[in-house]
Amino acid sequence: MSTFVDVALPAAVRRQFTYHVPDELESKVQEGQRVWIPFRNYYAIGVIVRVHDQVPSFKTKPVRKVLDEEPLLSKELLELTGWISKFYFASWGETIQAALPAGLNFVSRKYLKVSDKVDTAKLNSEEEEIITELRENKTTLDEAKKRWKGTGLNKVFNKMLKSKKLEIWEEPDLKVSVSTEREWIWAEGRTADGAMNFLDSNEVNESLKWTKALSEISNLIPIRQSDLPDDPLFNSYSMRKLQDEQWITFREVDKRSDIENLEFDPDSIKTLNDDQQQAFEKIGASIQNSEFANYLLFGITGSGKTEVYIHALKQVIEAGKGGIVLVPEIALTPQTVSRFYRIFGDKIALLHSRMSSAERLQAWKDLNSGKKKIAIGPRSAVFAPVQNLGIIILDEEHDSSYKQMDPAPRYHARETAIVRAQKNNAAVIMGSATPSMQALNMAAKGKCKMLELRNRHADAVLPDVEIVDLKQYKGKAMKGEFSASLFIAMEEALKRKEQIILLYNRRGYASYLQCEDCGHIPESPESSVSLTFHKRKNLLMDHYTGYARRKDSACENCGSPNLKVQGSGTQNVEEQLESLFPEANIIRFDRDSTSRKGAHERILKEFGDGKADILIGTQLVAKGLDFPNVTVVGVVNADTELAFPSFQATERMYQLLSQVSGRSGRGDKPGTVYLQTRQPENPALIFAKQHDHRGFARQEMEFRKPLYYPPYSRLIKFELKSSDEQKVNRAAHTLKRSAEQVVPDLPVLGPSPAAIPWINRKYVWEVTLKIDTEKGGTYIEMLLEKVMEVYEKASKGKWSSVRVNVNVDAIQ
Ligand code: ADP
Ligand code: ZN
């Protein structure tokens with residue numbers, strides 16, 4: 001009986017390929033290992049997802065090589081990636097790729113090997129020369145090409161490749177190296193005593209900088225470069241001089257991860273207050289019983305959710321298990337990490353995108369071997385190979401960064417965490433001060449248990465929120481984008497040497513129309529989504545349904561002719577600030593200013609250390625920051641969020657306001673939040689002012705239910721892209737018809753141009769399906785496969801240049 005393996009490849013094809021296993025590899029193959037296989041007319045690396053003995057109806061090719069001794073992916077993670085590929089309609093191989101650190105991926109290097117079929121006796125002398133060299137040294141294809149290029153042997157070499165006397169083999173390539181730093185040590189024959197004697201002798205000129213440096217450093221040696229005191233005495237000049245004088249030298253040592261520098265003090269774990277204790281006991285019971293349970297920890301900002309996470313994790317560790325803590329990427333600050341590190345020390349492995357591939361690979365290995373027990377990281381840490389998983393915590397459960405948009409797999413970490421926890425009989429804690437409608441809906445349906453923390457710890461108060469009606473501030477009462485009341489508050493805070501955080505949004509492309517007299521923003525009659533203004537066509541458009549009309553000439557709410565286009569080309573608020581407050585130090589914090597490694601931490605540290613007075617930025621400033629000296633928080637224009645063309649705009653804005661409000665008054669000084677808007681009666685603003693999430697959620701659900709929006713349905717979005725506008729338009733219409741043909745009464749939105757209709761030289765159109773939330777992965781996979789099949793038949797290759805991306809749960 002022969003053995004077969006189904007192999008997943010890291011390509012967009014949603015199918016596996018079957019190979020047979022040659023006898024000599026029979027005992028080696030296991031699910032989750034990488035293999036080297038012939039594919040079309042080359043070779044490829046794939047992952048075995050199934051070992052079986054079902055003879056396929058076609059002739060199979062053999063597995064050439066097994067690349068891992070042990071499976072890279074445990075059975076559990078293999079199943080999880082399999083589920084994702086079904087539910088989110090991605091390829092299994094792509095999903096596996098997303099779950100593994102770059103260093104363990106499908107990267108390979110091509111080596112040359114002399115074919116077994118070569119008959120050495122029949123070789124000519126030139127061929128023999130090449131073969132001898134290749135047998136002596138393991139040579140990559142690139143090296144060999146370089147080696148013989150321009151020599152007399154080049155022709156022979158190429159001929160041997162063609163005739164397969166030389167075969168090209170691939171091996172996985174780690175492609176990452178561990179980063180190192182210098183450790184300063186005494187040079188040969190030198191010691192601290194020697195240095196002292198030298199410094200005490202008369203020949204020394206004590207005023208020389210390097211002798212001072214020697215005197216200081218002799219107490220410190222051996223010392224890492226990163227541990228050298230931050231003192232000009234140890235600048236590169238004096239370090240070089242000390243080497244030239246042959247006192248010190250260095251060796252390269254592995255860099256320590258940043259977190260090893262944090263403080264470890266497990267006894268500092270806090271005693272929970274009554275509310276926290278109650279919540280913890282419920283979670284603790286599930287952990288004790290090793291049963292799957294899903295908790296929504298609904299606690300206002302500052303109520304101590306993090307303390308509950310820490311106690312739950314502690315219990316997990318004491319039970320001999322491990323845990324995962326997911327945080328929004330941007331909230332993964334040293335502040336957050338240090339709270340966990342203090343209690344769990346080096347049981348923690350940190351995973352995030354600003355780490356080098358080598359660091360991430362190391363963290364992955366430490367978790368996989370069980371050396372580390374807790375993974376902390378953003379979305380992708382849901383795949384961390386934590387052994388004996390006991391808990392997954394999602395902090396800020398509502399955060400949009402938990403959904404991967406591009407590339408595939410377009411998974412959501414919340415749903416993935418729940419599925420993974422189920423497979424492991426583990427607990428899930430979804431924590432938030434502003435739970436998503438999904439989480440609240442789960443709670444309402446009994447799919448998770450709600451635990452509440454209603455008060456800030458130690459009765460700290462929530463800040464005052466003042467809604468500033470911009471309609472009331474005309475002419476002199478406005479200083480650029482700032483109303484007199486925000487301006488004065490800022491001026492006074494600066495006088496008191498307190499700090500300010502300002503939030504402004506630069507969603508430049510979403511222009512919208514707004515009435516200057518009543519603040520009204522036109523909405524689509526078909527979807528209740530804000531209409532986007534398109535200047536080129538002078539149209540107001542709905543990006544969900546494709547509805548469009550000419551730009552209004554009068555306000556549909558109050559009849560005023562004073563309609564103003566807003567949103568695009570936002571003034572440079574930073575420049576305005578500089579001229580309004582020339583004395584103040586201002587730091588900008590957005591994607592541009594934080595893209596470099598370490599910039600994010602540096603900016604926050606500078607602000608935290610009081611080196612700047614005003615921090616201005618996009619949504620990023622709203623998340624998880626804790627600066628006790630901040631007493632004024634300003635939202636420059638809340639309406640840009642409201643006008644965002646999505647039914648989710650109100651929720652996003654509400655969350656943003658709640659979070660940004662949580663930034664003010666965290667210390668003992670009271671804080672005030674100023675929300676500038678032209679819609680002061682907007683209920684979302686009022687709920688945010690009153691810190692009333694329940695009220696907001698109730699209203700939001702009432703709005704969504706009759707429109708059959710999530711959480712009452714799932715949205716599956718097809719995104720079609722092409723450089724040919726005609727083709728993408730026709731393809732989108734065909735796709736809609738295909739969907740309607742497969743399920744006649746399926747609600748389909750669109751086709752319509754996307755909210756960003758033209759990106760990277762491609763036109764983008766969308767078609768969105770609404771399906772029942774109860775439908776699982778198998779249904780979704782079948783449905784989408786059928787739709788794509790009908791679509792491809794109907795389009796008969798006419799639009800093969802149109803790319804179709806599928807995004808399940810595209811918007812929640
Ligand atoms: P959340 O995560 O809900 O925003 P945190 O866990 O950050 O809240 O708590 C806010 C502040 O209150 C933190 O400084 C935290 O250390 C403190 N705190 C919370 N619970 C306790 C407790 N039980 N004992 C002492 N301090 C606490
Ligand atoms: Zn109006």
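These numbers come from the heavy atoms of this one structure, side chains and all, not from hydrogens, waters or symmetry mates. Counting starts at 1 for both ligands and their atoms, following the listed order.
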Check: What residue pairs, at least two apart or across chains, pass salt bridge (charged side-chain N to carboxylate O under 4.0 Å, His left out) with a residue in residues 327-337?
Finding: Glu329-Arg354
Margin query: Are any of the N/O atoms on Gln276, whether in the backbone or the side chain, positioned under 3.5 angstrom from an N/O atom of ligand 1?
Written below: yes
Notebook entry, point to check: Are any of the side-chain nitrogens in Arg698 or Glu702 under 4.0 Å away from the carboxylate oxygens of its partner?
Noted result: no
Next item on the list: Only pairs at least two apart or in different chains count here, so list each salt bridge (charged side-chain N to carboxylate O under 4.0 Å, His left out) that has a residue in residues 467-479.
Entry: Asp469-Lys471
Note to self: Distance check, rounded to the nearest 0.5 Å: Leu394 atom CG versus Asp399 atom CG?
What the structure shows: 10.0 Å
Notebook entry, point to check: NZ of Lys537: more than 12 outside heavy atoms within 6.0 angstrom?
Noted result: no
Notebook entry, point to check: So how far is it from Arg420 CZ to Leu389 CG, rounded to the nearest 0.5 Å?
Noted result: 5.0 Å
Check: Quick one: which ligand 1 atoms are inside 4.0 Å of a heavy atom on Thr271?
Finding: 22 (C), 23 (N), 24 (N)
Item checked: Donor-acceptor contact present, side-chain Arg379 to main-chain Lys403, <3.5 Å -> yes
Next item on the list: Using distance alone, decide if ligand 1 has a nitrogen or oxygen within less than 3.5 Å of any nitrogen or oxygen in Leu272.
Entry: no
Notebook entry, point to check: Does the side chain of Ser483 pick up a donor-acceptor pair with the side chain of Tyr674 at under 3.5 Å?
Noted result: no
Notebook entry, point to check: Could you give the distance from CD1 (Ile300) to OG1 (Thr434), rounded to the nearest 0.5 Å?
Noted result: 12.0 Å
Check: Is ligand 1 under 4.0 Å from a heavy atom in the side chain of Thr306, in the backbone, in both, or in neither?
Finding: both
Notebook entry, point to check: Which protein N, O or S atoms lie under 2.8 Å from the Zn ion (ligand 2), given by chain and residue number?
Noted result: Cys515 SG, Cys518 SG, Cys555 SG, Cys558 SG
Item checked: Heavy-atom proximity to atom 5 (P) of ligand 1, best of Glu307, Arg339, Glu396 -> Arg339
Next item on the list: Indicate yes or no: does Glu397 engage Lys305 in a salt bridge with an N to O separation below 4.0 Å.
Entry: no
Check: Under the side chain to side chain donor-acceptor pair (under 3.5 Å) test, which residues partner Thr677, sequence neighbours left out?
Finding: Asp639
Notebook entry, point to check: Within the structure, does Gly304 bring an N/O atom to less than 3.5 angstrom of an N/O atom in ligand 1?
Noted result: yes
Notebook entry, point to check: Side chain, backbone, both or neither: which part of Lys305 has a heavy atom under 4.0 Å from ligand 1?
Noted result: both
Checklist line | Proximity to ligand 1 by part of Asp395, non-hydrogen separation under 4.0 Å | finding: neither
Checklist line | Numbered atoms of ligand 1 (with element) below 4.0 Å of Ile300, judged on heavy atoms | finding: 3 (O)
Next item on the list: Find all atoms of ligand 1 within a distance of less than 4.0 Å from any non-hydrogen atom belonging to Asn273, and give their numbers and elements.
Entry: 23 (N)
Note to self: Taking 4.0 angstrom as the limit and counting only heavy atoms of Ser303, give me the atoms of ligand 1 inside it, by number and element.
What the structure shows: 3 (O), 8 (O)
